[in-house]
Amino acid sequence: MRYAQMMLAGVVMALSMPAVAQEHTSYQLLARGHYSMVIDRLEQQRKADPARPEMALNLAAAYAQTGRIAEARALYTEVLAEPAVDLDMLAGTTATSHQVAQRGLSMLGRTIATR
């Protein structure tokens, strides 16, 4: 598995699953691996509404998938600096924004061997 696939698999299996924003298209694109489209959308949406942690978390996940690790780390850190909020996750569970950000940060340093 490539790093991006492993990261997405980890995202699906753990708390760092795409957070479900009211605008469903972005998280669906993220779950399907359309990272550049997600990045474009979420960067635009964050300009209009920067206080929504689910946008920052999904953008951080897309940045991580495309190798923009420093930018992903900065967004996860930004979320941790704000009060935790409950988020609906793609699998129908809930998690706090801090749990998702911490899991995302822990995934950034991981590398795996592939063939």
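- Leu108 is listed as a side-chain neighbour of Tyr76, based on a closest heavy-atom distance under 4.5 Å.
- Side-chain contact between Leu59 and Met55 is absent, with no heavy-atom pair separated by less than 4.5 Å.
- The shortest non-hydrogen separation linking Ala56 to Val79 is CB-CG2, 3.7 Å.
- Between Leu80 atom CG and Ser97 atom OG the span is 7.5 Å, to the nearest 0.5 Å.
- Applying the salt bridge (charged side-chain N to carboxylate O under 4.0 Å, His left out) rule to Glu78 yields the partners Arg46; only residues at least two apart in sequence or on another chain are considered.
- Remark: the backbone N or O of Thr96 is paired with a side-chain donor or acceptor of Gln99 at under 3.5 angstrom.
- We find the NE2-CD distance between His34 and Gln65 to be 13.0 Å, quoted to the nearest 0.5 Å.
- With His98 contributing its side chain and Glu82 its backbone, the two residues share a donor-acceptor pair below 3.5 Å.
- In this structure, Leu57 and Leu87 have side chains that are in contact, with non-hydrogen atoms separated by less than 4.5 Å.
- Within the model, atoms CD of Gln45 and CG of Asn58 stand 9.5 Å from one another, a figure rounded to the nearest 0.5 Å.
- Looking at Thr93, its side chain never comes within 3.5 Å of a backbone N or O of Met89 through a donor-acceptor pair.
- Tyr63 and Glu43 form a side-chain donor-acceptor contact under 3.5 Å, judged by distance and modelled atom types alone.
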